[in-house]
Amino acid sequence: MRPVEIKEGIFWTGVVDWNRRNFHGYSISHKGTTYNNFLIKDEKVALIDTVAEEFWGAMQCNLAHVLGPEGKIDYFIINHLEPDHAGCLALAVEKYQPEKIYTSPMGQKAMQAHFHYKDWPVEVVPTGTEISLGKRTLQFVETRMLHWPDAMLTYCPEDKIAFTNDAFGQNWATSERFADQVDRTFLEDLMKTYYANIVLPYSPVVLKTLKALEEMNLDIDMICPDHGLMFRGKEECKWVLDKYVEFAEQKPKKKAVIVFDTMWHSTENMANAVASGLADEGISVRVMSMKSNHHSEVMTEIFDAAAVIVGSPTHNNGILPLMADMLTYMKGLRPQNKIGAAIGSFGWSGECVKVLTQALEEMGMDIVDPIKVKHVPTHDTLVQCYQQGKDIAAAIKAKLD
Ligand code: FEO
């Protein structure tokens with residue numbers, strides 16, 4: 001896509017990765033993504049972030065559209081070193097020979113470890129540092145662990161823009177550039193997906209950072225993340241900031257997710273019986289087989305659920321591998337405020353619910369008694385599972401009311 005002038009003299013020069021489905025090797029992006037970067041034309045020309053290396057050609061074209069083929073870039077601002085944003089940095093340094101490369105203190109360390117550079121003109125800009133581009137200034141705010149240690153926000157007070165890198169991003173490849181041009185419900189859903197799979201473990205940092213930004217009293221009327229749609233206007237900026245507070249607080253809804261794997265349908269039948277018990281008590285339920293869902297899709301549903309029920313038959317004295325994958329992924333994302341329960345069938349040794357329950361306990365969940373069934377559930381054991389669903393529903397209501 002061609003560059004877009006988002007404010008006078010400030011251009012979106014990013015690229016749209018329409019068919020990206022594997023995002024960073026661990027999550028799914030059903031709608032593709034964008035790598036946004038920004039060019040500011042002032043007395044000094046500044047480029048904020050690059051794009052993934054495979055789009056180096058497209059990025060050069062976009063920069064040439066704005067600057068002309070021999071265009072010069074004086075300053076690089078690198079808000080984050082992950083390769084979807086800094087992937088073209090080495091190529092861009094070679095081509096544009098910038099006068100300065102500005103990055104956070106942790107960014108400098110990450111830059112060295114990624115690029116092993118020798119004589120790049122890197123200048124570290126801790127929080128509070130300000131540089132002049134001529135008519136404009138750029139101010140830097142470290143946003144450590146949102147979501148890497150090097151993360152930084154760049155703010156332009158004259159244009160009231162915050163360039164926020166991964167924060168507030170969504171994986172959505174679109175021809176539109178602004179959030180007010182697309183369907184809001186879908187946008188919110190993709191913001192949630194992004195948060196649940198990438199930002200979630202750092203929720204306490206999100207709250208602290210948002211509070212610090214509020215105390216800095218920055219006048220913001222445009223928020224430009226490095227993925228997806230941008231937000232323009234004060235109301236839009238307030239909406240997205242409030243949304244992140246809501247996400248970070250992790251207040252659960254009256255919702256339960258049952259995630260399971262199954263060999264011969266016993267655990268699956270148990271899962272469906274638990275779901276009926278929950279639904280009959282007015283709890284919204286998702287039943288998700290690991291054979292049909294990617295762990296990042298499951299995690300998006302777990303994110304705002306009050307209860308997580310995990311199911312697996314016993315397999316080789318443990319659990320099925322897809323459930324082990326799910327539990328490892330979920331634990332790393334540190335979901336808070338959940339009720340947990342385990343279900344599973346077994347043939348002889350029967351370790352499944354013990355292993356599952358231990359994993360839920362390690363995640364700090366409030367545990368409801370597990371149920372395990374030998375080989376095939378009977379009518380009576382399915383009634384027990386139905387009752388477990390009702391018990392979990394009662395625990396959800398007690399927790400939320
Ligand atoms: Fe979009 Fe942390 O990279």
Side-chain angles (χ1 to χ4, degrees), residues 12-38 47-56 58-59 76-92 101 103-115 140-154 162-174 177 179 187 190-203 205-206 209-210 223-231 240 243-244 247-248 296 299-300 329 332-334:
W12 173 89
T13 49
V15 296
V16 180
D17 193 351
W18 295 99
N19 293 298
R20 169 68 47 199
R21 295 294 178 269
N22 177 339
F23 188 71
H24 291 24
Y26 62 83
S27 108
I28 293 238
S29 50
H30 289 294
K31 296 292 175 187
T33 194
T34 71
Y35 313 111
N36 300 337
N37 70 346
F38 305 92
L47 178 70
I48 300 180
D49 292 329
T50 73
V51 300
E53 190 176 5
E54 68 202 90
F55 292 100
W56 167 235
M59 185 181 104
F76 287 178
I77 318 294
I78 302 299
N79 280 336
H80 179 30
L81 267 298
E82 199 162 9
D84 49 336
H85 308 296
C88 294
L89 183 57
L91 295 163
I101 303 170
T103 193
S104 69
M106 295 302 284
Q108 187 271 329
K109 290 185 170 64
M111 199 179 283
Q112 181 58 246
H114 273 85
F115 296 103
F140 304 105
V141 183
E142 291 167 73
T143 52
R144 283 189 193 201
M145 300 317 297
L146 208 175
H147 68 125
W148 272 26
D150 58 297
M152 178 172 92
L153 174 155
T154 298
F163 300 95
T164 58
N165 198 265
D166 278 322
F168 314 115
Q170 339 88 45
N171 285 326
W172 196 359
T174 55
R177 298 275 68 86
L187 174 82
L190 292 180
M191 266 179 74
K192 189 177 88 169
T193 302
Y194 191 92
Y195 191 96
N197 287 282
I198 289 148
V199 187
L200 183 59
Y202 312 110
S203 292
V205 180
V206 171
T209 307
L210 291 176
I223 289 179
C224 297
D226 271 8
H227 294 291
L229 288 306
M230 298 173 275
F231 301 87
V240 72
K243 198 47 71 183
Y244 252 48
F247 289 165
S296 61
M299 198 59 218
T300 303
Y329 187 66
L333 288 163
R334 295 180 224 152

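As the structure lists them, so they are numbered: ligands from 1, and atoms in each ligand from 1. No experiment lies behind these values; they were computed from the predicted model shown. FYI, side chains are in, hydrogens and waters are out, and symmetry mates aren't considered; it's all heavy atoms of this structure.
Side-chain atoms of Tyr195 and Ser203 form a donor-acceptor pair, as typed in the model, at a separation below 3.5 Å.
At a threshold of 4.5 Å between non-hydrogen side-chain atoms, the residues Leu89 and Met111 count as touching.
Within 6.0 Å of CD on Glu53 lie no more than 12 heavy atoms contributed by other residues, nucleotides or ligands.
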Kindly indicate, with the supporting measurements, whether the criterion side chain to side chain donor-acceptor pair (under 3.5 Å) is fulfilled by Tyr26 and Asn197.
-> CA-CA 9 Å; Tyr26 62 83; Asn197 287 282; over 6 Å; no

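Between His147 and the choices His80, His227, His85, the ring-ring contact (aromatic ring centres under 6.0 Å, His included) rule is met once, by His80.
Distances under 2.8 Å from atom 1 (Fe) of ligand 1 pick out the protein N/O/S atoms Asp84 OD2, His85 NE2, Asp166 OD1, His227 NE2.
Applying the side-chain hydrogen bond (donor to acceptor under 3.5 Å, both in side chains) criterion to Asn37, with sequence neighbours excluded, gives Thr13.
Take the N/O/S atoms of His147: the one nearest atom 2 (Fe) of ligand 1 is NE2.
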